[in-house]
Structures are given as structure tokens and as C-alpha cells.
Amino acid sequence: MDLALLRTFVTVHRAGSFTRAAALLGLSQPAVTSQIRTLERQLGRPLFLRRARGVTPTTIGDELAHRAAPHLDALVEITETGLDEESGIRTLHVAGPPEFTALRALPALTPLVGQGLAVRTSFPVTTEEVLDGLAAGHHDLAITTARPRGGLLHSTPLCDEEHVLVAAPRWAARLSPEVLLSKGAVVLEQLPVVEVHESLPFVSRYWASVFETGPAATATVIAPDLRAVRDSAASGAGLAVLPRYLCEEALEQGRLVALLHPPVPPLRTYFLVVRTGTLALAHLARAHEALLDAAEDW
């Protein structure tokens, strides 16, 4: 059986779409369709059911993918290991939130740079853009706050981050713990808000977790980078919700004050996401492992 046909089949199985598989393989969609039809004729069985949006594997399709994919991934690993030895340098394309990537991911990957890894980063605006770019082959590894669905992408929990409601000391001095405990949401909504987007994603998540309601506030300052949000809040622009790792130093220095200390602080989980099967690539596997090891101290 032609290995090229099997490779195309496994890619379609994981992608759930001829179109997406074609993009990953660098082929035209008619070429992918032709290869799948050829393989189906050789086997005498249909491998996929065509749907309005994508394809669904048949029982025989699932069975073939389960048996063939590990062997194809192993062949990729052998091939890529040889390339590593010949070129000496492999490039890893990483996508994720700019703050987390800059302050956490890149320092964790730095030791691998001395071992022949080159790193390129990109910061798509939304999680959907990150995952779409990964699925299309524009990135090798993504850091997201959403677990993807389907078989094309494989995710591993990386770490949890605690969210903290903070403000400059001059705002905190006006708020007593007693008032915040009894009328927290109402009182806090009288303060200006600093956020990354008009939809108040961080404040809304915090309000839902702590107050079991949505915020009635609107943002006074919008800055699409959490580091800018942190510094604006520290300068007195208003309250903000920030990951603890990002504001820990400002809290220790007294430039920011935590306004609340809920017994169960709001958390958000980060995931490491790759295309299924690509962890067979040695340089990607090393980066994946380095990030997971570093996350144990986060």
C-alpha cells in the first residue's frame, strides 16, 4: 500500500476535512479527494462519510487510522531525527498570549536555543485565531486558554493561573473589607475599570466566579496587553483583574493592592496544543517537555 495514500488518509482523519487536510499537506483539495478515493478502491470499503461540513470516518476508517497512525508518526520521527542531525538547527513556531509567552514560555525554552533550537513567536488576537493557525500549519505549538475539540489538535494541561482583583493604593484606601464583603459588586462598579477589551473578559470572568453575576461597569481604559493594564492600574487609572504571576511584583512593592481575597480564587487553565502526531518530531517534543517541566514551578 502506498505510504503517501496512508499519510493523506491519516491527515484527513485527524483534520475532519479534505480542505484542511489539503492545506496541511500542501496539496490541492482535488488531489486529496483523489488519493482518498484511490485508497477506498484499493480497500473496497468507504473510509469517510461526506457531510455538509467536513467528513466523518466510517468504522473501517477509524480502525485503519488507529492501526496506521502510530507507524506513520514513527516514520516521521525517524526522518525528522535525521534532519536534525544534518542541519543542526530546527525552528519552532510558537503562538500564544503575548504576556504569558514573553514572561513564561520563552524563558522556559531558552535553554533549548543553545541546543540548536530557533524560536519564532506570533501573537494572534483570539484563541480561535491561534487554533486555526495551528490547524493550518502556521504554528507548531500553541498556548491557549481553551481546550480544542476534534482529532486534529492534541492538548495537554499546562498550568492554572490565579486571577486577582487589584487597584492602586489610593483606590483601595477608600474600600473597607466589610463593605466589599457585603456590597462588593455594587461598590466596585463605581470605580473606573482598566481592561484588555470592551467586552471586559477578565472582569466578567471574575465577577461571574466571585459574585455570581455580570459586571455593570464599562471600561475607562482599554489596553490590549495585560502588562499595559497592570501599569495603568498601578498608576491609578482604575481597578483591574490580572493573573497573579503578572502582578505579584507590583503587589509586593505596594504599587498595587489586592481588593479581595476570595476563599476560592478564580482560576484559568492554560493548555499546550499541537497537531496530533507532531510530538513525534524531536525538536517539538523537547520544547513540549521543557514547558511542562517549567510549569511545575508556576
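Model, not experiment: these values are computed from the prediction.
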Quiz: residues 250-264 side-chain donor-acceptor pairs under 3.5 angstrom, not counting sequence neighbours:
residue: Q253; atom: OE1; partner: R255; partner atom: NE; Å: 2.9
residue: Q253; atom: NE2; partner: E249; partner atom: OE2; Å: 3.0

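- Residues forming a side-chain hydrogen bond (donor to acceptor under 3.5 Å, both in side chains) with R14 (at least two apart in sequence, or on another chain): D73.
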Please table the atom pairs, donor to acceptor, closer than 3.5 Å between any side-chain atom in residues 44-53 and protein atoms at least two apart or in another chain.
residue: R50; atom: NH1; partner: E40; partner atom: OE2; Å: 3.3
residue: R50; atom: NH1; partner: F48; partner atom: O; Å: 3.0

Using residues 95-111 as the side-chain source, report each donor-acceptor pair under 3.5 Å to any protein atom, sequence neighbours left out, with the distance given to one decimal.
residue: E99; atom: OE2; partner: L226; partner atom: N; Å: 2.6
residue: T101; atom: OG1; partner: P97; partner atom: O; Å: 2.7
residue: T110; atom: OG1; partner: L106; partner atom: O; Å: 2.9

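- The shortest side-chain heavy-atom distance between R20 and D132 falls under the 4.5 Å cut-off.
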Distance-only criterion, 3.5 Å: show the donor-acceptor pairs between side-chain atoms of residues 202-224 and protein atoms not counting sequence neighbours.
residue: S204; atom: OG; partner: L200; partner atom: O; Å: 2.7
residue: W207; atom: NE1; partner: E189; partner atom: OE2; Å: 2.9

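- For residues 58-70, the set of pairs meeting the side chain to side chain donor-acceptor pair (under 3.5 Å) definition, not counting sequence neighbours, comprises H13-D62.
- With sequence neighbours excluded, no residue satisfies side-chain hydrogen bond (donor to acceptor under 3.5 Å, both in side chains) with H93.
- Crowding of E248 atom CD: a count of heavy atoms from other residues, nucleotides or ligands under 6.0 Å exceeding 12.
- Residues L165 and L239 come closest through the heavy atom pair CD1-CD1, 3.8 Å.
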Atom pairs and distances, side-chain donor-acceptor, residues 151-160, under 3.5 Å, sequence neighbours left out:
residue: S155; atom: OG; partner: R147; partner atom: NH1; Å: 3.3
residue: D160; atom: OD1; partner: T269; partner atom: OG1; Å: 2.6

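- At a threshold of 4.5 Å between non-hydrogen side-chain atoms, the residues L292 and L272 count as touching.
- The side chain to side chain donor-acceptor pair (under 3.5 Å) analysis of residues 232-244, with sequence neighbours excluded, yields the pairs E162-R244.
- When the side-chain hydrogen bond (donor to acceptor under 3.5 Å, both in side chains) test is applied to R170, no partner is found at least two apart in sequence or on another chain.
- The side-chain contact (heavy atoms from CB on, under 4.5 Å) search around E129 returns P124, V125, T126, not counting sequence neighbours.
- Residues V12 and Q35 are not in side-chain contact: their nearest non-hydrogen atoms beyond the backbone lie 4.5 Å or more apart.
- Partners of T11 according to the side-chain hydrogen bond (donor to acceptor under 3.5 Å, both in side chains) rule, which considers only residues two or more places apart in sequence or in another chain, do not exist here.
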